[in-house]
Structures are given as structure tokens and as C-alpha cells.
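Remarks on the structure that follows.
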2 protein chains.
Amino acid sequence: MNPTKTVENRREQILREAARLFAERGFHGVGVDEIGAAVGISGPGLYRHFAGKDAMLAELLVGISGRLLSAGRMRVAETADPAQALDALIRGHIDFAIDDRPLITLHDRELDRLRDSDRKLVRQLQRQYVEEWVGVVRRVYPDATELEARAAVHAVFGLLNSTPHLGAGGRAPDRTAMAALLHRLALGALEALDPGRPWTAVRTDG
Amino acid sequence: MNPTKTVENRREQILREAARLFAERGFHGVGVDEIGAAVGISGPGLYRHFAGKDAMLAELLVGISGRLLSAGRMRVAETADPAQALDALIRGHIDFAIDDRPLITLHDRELDRLRDSDRKLVRQLQRQYVEEWVGVVRRVYPDATELEARAAVHAVFGLLNSTPHLGAGGRAPDRTAMAALLHRLALGALEALDPGRPWTAVRTDG
DNA sequence: CCCGGATGTTAGCGAGCGTTAACGTGATGA
DNA sequence: TCATCACGTTAACGCTCGCTAACATCCGGG
């Protein structure tokens with residue numbers, strides 16, 4: 001009935017395969033012929049759906065950045081106190097990290113391949129997302145400085161985004177176990193921002 | 001006196017600039033002319049020092065992997081108990097992450113661009129390094145399973161390797177403060193592997 | 001019946017890239 | 001003095017890649 005329906009499906013299919021390939025071999029390492037082959041059409045056929053290879057990457061990065069931000073904001077708005085908000089942010093980010101692995105990889109790896117305008121947009125979305133986290137973190141740990149909170153947030157992103165590094169073979173825990181573990185690790189890391197917290201490991205001077 | 005001296009310096013200079021450029025724009029995103037220009041000679045002049053562009057990347061990745069592993073082993077061997085060993089591993093990794101930022105970036109980003117033999121070698125070095133960590137972590141936290149420990153180690157790598165994401169402007173703490181913060185964050189994350197540890201954040205059901 | 005749009009195809013262009021070839025040059029040492 | 005070697009240059013080759021042009025096929029609606 002809706003003629004655009006099949007088009008949209010095709011576009012989404014192309015984007016999914018392109019994301020996977022870009023994450024595996026890098027933006028410059030993948031040719032349009034490969035992307036086409038991955039969806040059963042051949043190279044130039046892609047240009048019926050996208051203006052070019054750059055446009056695919058741009059749509060992917062703008063999409064993931066926007067979804068991360070809006071999902072984060074929504075989850076925070078539904079919580080009652082900062083600790084719950086932090087919990088919700090972590091949970092939401094883990095969902096993205098596990099379910100959209102290729103996009104998470106691209107998100108902090110291929111940003112520089114974008115046109116100036118797209119890059120500015122993505123960076124703005126990313127910055128707002130970081131600010132969302134920093135605000136919550138500083139409310140939970142008021143003794144942390146702005147710089148510390150920001151660095152800690154980036155560090156936790158690195159922690160949560162580490163899933164792609166465990167080749168999904170039997171060497172990784174299943175989804176729920178992995179999500180729970182990452183959640184505990186992230187909370188544990190951020191607790192280091194609490195100065196009143198007792199030392200549990202040796203301090204070999206420093 | 002030593003005629004190879006200037007050659008070695010040239011090689012090292014080339015490798016340093018190549019690492020920086022590869023980290024900034026990706027292996028495929030950098031041309032040999034750019035690498036040459038960065039050291040004051042022009043494109044093909046590089047072939048007096050390296051067999052090709054691939055050889056530069058291979059030498060960079062094998063080098064960093066080997067140095068990470070040998071430094072880690074040495075530091076562990078110098079400690080008396082597992083907790084100190086873990087402390088030493090974290091400290092050593094932080095030194096690499098902060099001082100060799102471009103190499104750390106390349107290390108987990110451009111591995112697939114290597115020839116099979118080089119890639120196998122780098123992967124083997126990486127695996128041995130991970131095993132070093134996993135062994136120490138499991139001695140400090142005996143209740144963690146093998147899978148948990150391995151995932152946690154990769155997560156901590158992601159955490160420690162997050163430094164490149166804070167564009168070295170005034171938005172990041174200075175070196176010593178950053179090193180201390182990363183150290184605390186990593187220890188805090190790993191403490192989550194201790195099941196007897198009290199909950200400190202809300203648990204909004206699961 | 002056939003027009004037109006959506007969606008493909010193949011052929012080929014033009015640019016950029018890694019690499020090689022051929023050549024220059026200055027320091028070194030017999 | 002001059003052969004040699006280290007180190008660099010420019011020109012050019014061949015290949016790949018993104019993209020366009022031109023043409024084919026299917027299909028719904030007047």
C-alpha cells in the first residue's frame with residue numbers, strides 16, 4: 001500500500017550493512033561495490049538511495065548520536081533522584097553498546113570523515129550527551145571537579161564501549177550477564193569520584 | 001661516528017609522524033606524500049627507509065604490542081603480591097596510554113590492515129598481555145569467573161585508553177592528575193568483581 | 001495499451017594512491 | 001681523483017575507487 005515502505009526497508013538494510021562493513025574495515029577500507037554486494041545489488045545501484053558514500057556515513061553518525069542523546073534525556077527525565085538517573089544512563093548506554101556494536105564503533109572512530117556541517121552537528125549532539133552525563137555525575141558526586149567528572153565520563157564511555165573487543169565467540173558472557181557486568185564495572189569506576197570512599201587496594205606510594 | 005645513527009633517527013622520526021597521522025585520519029586516510037611532508041622529504045623518499053606503507057604500520061603495531069607486554073611482565077615480576085601486581089599493571093598501561101596516545105589508538109583500530117603474518121604476531125602479543133592481566137585479576141578477585149575477568153580486563157583497557165577522546169586542550173586534567181584519576185577509576189571498576197562488596201548506588205530493580 | 005516512475009544493470013571516466021624507475025648530489029675513503 | 005654509498009628528487013605507471021551516463025526491467029494507473 002505505501003510505496004515508500006520498500007524504499008525505507010532498502011535504505012535501512014543498506015545502512016545496517018554499511019555500518020557493519022565500516023566498523024570492520026574502516027570507512028576508506030570499504031568500497032561501494034562491497035556495500036552493494038552485501039545487500040544483493042551492485043555498486044552504483046546504491047546511488048538510487050543515497051547521494052554518495054559520505055551520505056551513508058553521515059546518516060549513520062547523526063542517527064546514533066541523536067538517538068543516544070534523546071534516549072539518555074528521556075531516561076533521565078523519568079527518574080526521581082540523581083543516583084537513579086546515573087543508573088538509567090548507564091543502562092541505556094549499555095543497550096546501545098551491545099545492540100548497536102558497529103555504530104558505537106563508528107561513532108568515535110570515523111567522525112573525521114564527515115563534511116564540516118555534518119561533523120559539527122554530530123559533535124554538538126555528542127557534546128550535549130556528555131553534558132547530560134556530567135551533570136548527573138556531578139550531582140551524585142558533588143566533590144568531583146568539572147574536569148574530573150568529564151574525564152571520568154569519557155573513561156566510562158570507553159569502558160562501556162569495550163564490547164566490540166571481545167570477538168563475539170564463546171569467549172564473552174551472554175547478553176544479560178555482560179550487561180550486568182558492565183553495569184557493575186561502570187558504577188564501581190565512578191565510585192572512585194567519592195573521596196570518602198575507603199581504599200581497598202594497595203597504594204604502593206605514588 | 002656511527003653512520004647508522006642518522007638513519008635510525010630518520011626512521012624513528014618517520015614512525016612517530018606516521019603514527020600521529022594514522023591515528024588522526026586512519027591508515028587509508030593518509031597518503032605517503034603526507035607522511036613524507038611531515039618529516040621534510042617527499043613521498044617516494046620514504047622508500048629508502050621502509051619497504052612500503054604497510055611496513056610502517058606493521059612496525060608500529062608490533063612495537064607497541066611488544067613493549068606493552070614486556071613492560072607489563074617486568075613490572076609484575078617486580079611485585080610481591082597480586083594486589084601490587086595489579087597496581088603495577090594499571091600504572092604501566094596508563095603510562096603508555098598517556099605518553100603514546102597515537103600508538104594506543106592505532107593498536108586497537110588498524111590491526112586488520114596488516115599482512116597475515118604480522119597480524120598473527122600482533123594478536124599473539126596482545127593475547128599474552130591480556131592473559132597477564134587476567135591472571136593477576138583472578139588472583140586478586142578469586143570469585144570472578146574466567147569470562148568475567150576477561151571481559152573486565154577489556155573494559156578496563158577501554159577505560160584507560162579513553163585519553164585520546166579528551167582533545168588535549170584545557171578541558172583535560174594535567175598529566176599527573178589524569179594518571180591518578182585513571183588509576184582510581186580502574187581500581188574502582190575492578191572492585192566490582194568482588195561479590196562481597198556493598199552496594200553503593202540504587203538498584204532500580206533489574 | 002502504453003506512459004512514467006522506481007529500481008536495477010553495465011561501461012567508463014577521472015582522480016588519487018602506492019610504488020617503481022631513473023637520475024642527482026654530497027660526503028667518505030682508498 | 002674518483003668510485004661508492006646514503007639519501008633524496010621528479011616522472012610516470014598501473015590500479016583502485018567513487019561516481020556518472022546510458023540503458024533495461026518491472027509495474028501500477030489512466
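Here is the naming used below: chain letters follow the sequence lines, and residue numbers restart at 1 for every chain.
In the model, A/D100 has no side-chain atom that pairs as donor or acceptor with a side-chain atom of A/H107 under 3.5 Å.
Between A/D99 and A/R175, at least one side-chain N (NZ, or NE/NH1/NH2) sits under 4.0 Å from a carboxylate O, which counts as a salt bridge.
With A/F96 as the aromatic partner, A/R67 does not meet the cation-pi criteria of under 6.0 angstrom to the ring centre and within 45 degrees of the ring axis.
Within residues 39-48 of chain B, the residues approaching DNA chain C are B/P44, B/Y47, B/R48, by heavy-atom distance under 4.0 Å.
In this model, the phosphate group of C/dG8 is approached by a side-chain N or O of A/H49 to a distance below 4.0 Å at OP1 or OP2.
At distances below 3.5 Å, not a single donor-acceptor pair connects side-chain atoms of B/S65 with backbone N or O atoms of B/V62.
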- Steps toward side-chain contact (heavy atoms from CB on, under 4.5 Å) verdict (B/I35, B/M56): CA-CA 11 Å; B/I35 303 173; B/M56 299 181 208; 4.2 Å; yes

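With rounding to whole Å, B/M56 atom CE is found 10 Å from C/dG18 atom C1'. Atom CZ of B/R113 is separated from atom C1' of C/dG18 by 17 Å (rounded to the nearest Å). The distance from atom CZ of A/R11 to atom P of C/dG8 is 13 Å, rounded to the nearest whole Å. The NZ atom of A/K53 sits 8 Å away from the C1' atom of D/dC17 (whole-angstrom rounding). Note: CG (B/L57) to C1' (C/dG18) measures 15 Å, nearest angstrom. Rounded to whole Å, the distance from NE2 on A/H28 to P on C/dC17 is 10 Å. The distance from atom CZ of B/F27 to atom C1' of C/dG16 is 15 Å, rounded to the nearest whole Å. Atoms CZ (A/F50) and C1' (C/dG8) sit 16 Å apart, rounded to a whole Å.
Atoms CD and CG, from A/E131 and A/L69 in turn, are 11.0 Å apart once rounded to the nearest 0.5 Å.
The heavy-atom pair separating A/L181 from B/A151 by the smallest distance is CD2-CB, 3.7 Å.
Comparing the start and finish of the helix from C/dC3-D/dG28 to C/dA30-D/dT1, five pairs each, the helix axis swings through 10°, to the nearest 10 degrees.
Using a 4.5 Å cut-off on side-chain heavy atoms (C-beta onward), B/L68 and B/H93 make contact.
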Report each atom pair, protein N/O against N/O of nucleotides 3-5 of chain D, whose distance is under 3.5 angstrom.
none

